[in-house]
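Single-structure report; data block below.
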Amino acid sequence: GDHVFSVVAPDSYPGWKAFSVEIARSLVALRDAGLDIDLERYSLKYTNLLDAPPSSQLALLEASFTLMGAPIPETGTVIRTELQRDDEVTILQIRPGVTVTGPSGQTRSGLMLEIDAIVNRPSGFWERRQELLAATHKRAKELFFQLLTDEAIQRLGPVGDTPDAR
């Protein structure tokens, strides 16, 4: 939209420590631009694709999905929910059977997990931005790893941020 400021990670997420430095630099530049900024909310959104063959993707989650007593089909299914906590809402979307094409033209298929942690009317954001963003990142990371089975975590392999939430 017209009143949105975004910092986007590259295709290969460098880990929170490195990415938070980029966010901090970008926020300082925004603040120093001299604009009249009334911050309504901020969000950290993560989109993760777990490589997995069709028909076994939802089994990678610590969740069960049934309809009329039978497992839901993975084809054509999108699951969305909102988790409310104080002034924060986390939107969780689960999409099995997704195929994406990267900038190099390489395609990947699997289970997409989107976590969008939104904080409304953050008090003292400019003074406490690093603390607030780190806390929001921690909650989103914890949710991500709580959603995954041990098998799913093993499929991820080594990542920049360890799954200490689990």
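As the structure is a prediction and not an experimental result, all values here were calculated from the model.
Both L35 and L27 are part of a single hydrophobic cluster, where members link through side-chain heavy atoms under 4.5 Å apart. Side-chain heavy atoms closer than 4.5 Å link hydrophobic residues (I, L, V, M, F, W, Y) into clusters, and following such links, possibly through other members, connects F144 to L83. In the hydrophobic clustering of this structure, I153 groups with L50; members are Ile, Leu, Val, Met, Phe, Trp, Tyr whose side-chain heavy atoms approach within less than 4.5 Å, directly or through other members. If you chain together hydrophobic residues whose side chains sit under 4.5 Å apart, L67 and I79 fall into the same group. Criterion: ILVMFWY side-chain heavy atoms under 4.5 Å apart, direct or through other members. Under it, I94 and I72 are part of a common hydrophobic cluster.
Under the 3.5 Å distance criterion, the side-chain polar atoms of T66 are left unmatched by any main-chain donor or acceptor of G69. R129 contributes a side-chain N or O that, together with a main-chain N or O of W126, makes up a donor-acceptor pair within less than 3.5 Å. Side-chain N or O atoms of E74 include one that pairs as donor or acceptor with a backbone N or O of L58 at under 3.5 Å. When atom types are taken as modelled, the side chain of Q57 and the backbone of A52 share a donor-acceptor pair closer than 3.5 angstrom.
No side-chain heavy atom of H3 sits less than 4.5 Å from a side-chain heavy atom of E40. With a 4.5 Å cut-off on side-chain heavy atoms, L156 and N48 do not count as touching. The shortest distance between side-chain heavy atoms of R108 and D51 falls below 4.5 Å. Here the side chains of L147 and E62 are not in contact, with every heavy-atom distance at 4.5 Å or above.
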Using the salt bridge (Lys or Arg N to Asp or Glu O under 4.0 Å) rule, take R25 and E22 through it: C-alpha gap first, then chi angles, then the decisive distance, then the call.
-> CA-CA 5 Å; R25 280 189 208 145; E22 289 303 314; 2.7 Å; yes

Using the side-chain contact (heavy atoms from CB on, under 4.5 Å) rule, take L148 and L61 through it: C-alpha gap first, then chi angles, then the decisive distance, then the call.
-> CA-CA 5 Å; L148 301 181; L61 301 177; 4.1 Å; yes

Determine, stepwise, if the pair V119 / F125 fulfils side-chain contact (heavy atoms from CB on, under 4.5 Å).
-> CA-CA 10 Å; V119 179; F125 177 79; over 6 Å; no

Criterion side-chain contact (heavy atoms from CB on, under 4.5 Å) on E88 and T136, from CA distance to verdict | CA-CA 9 Å; E88 183 175 319; T136 303; 4.3 Å; yes

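Expressed to the nearest 0.5 Å, how far NZ of K45 lies from CD1 of I115 amounts to 11.5 Å. Separation of atoms CG (L111) and CG (L60) is listed at 6.5 Å; rounding is to 0.5 Å. Q146 CD to K141 NZ: the interatomic distance, rounded to the nearest 0.5 Å, is 12.0 Å. Atom CG in L113 sits 14.0 Å away from atom OH in Y46 (nearest 0.5 Å). Between L133 atom CG and L44 atom CG the span is 5.5 Å, to the nearest 0.5 Å. In this structure, D116 CG and I91 CD1 are separated by 5.0 Å, a value rounded to the nearest 0.5 Å.
Within a 6.0 Å radius of CZ in R80, other residues, nucleotides and ligands contribute more than 12 heavy atoms. Within a 6.0 Å radius of CD in Q130, no more than 12 heavy atoms belonging to other residues, nucleotides or ligands are found. The number of heavy atoms from other shown groups lying within 6.0 Å of CZ (R41) does not exceed 12. When the shell of 6.0 Å around CD of E82 is examined, it contains more than 12 heavy atoms from other residues, nucleotides or ligands.
Partners of T99 according to the side-chain hydrogen bond (donor to acceptor under 3.5 Å, both in side chains) rule, which considers only residues two or more places apart in sequence or in another chain, are S109.
Across R121 and L39, no two heavy atoms sit closer than the pair NH1-O, 3.6 Å. Minimum interatomic distance between S26 and F5 (heavy atoms only, all atoms of both residues): O-CZ, 3.5 Å. Listed here is the closest heavy atom pair of P96 and T77: CD-O, 3.3 Å. Closest approach of S123 and L132 over heavy atoms only: O-CD1, 4.0 Å.
Using cut-offs of 30° and 60° on the angle between ring planes, the pair Y13 and F19 is perpendicular.
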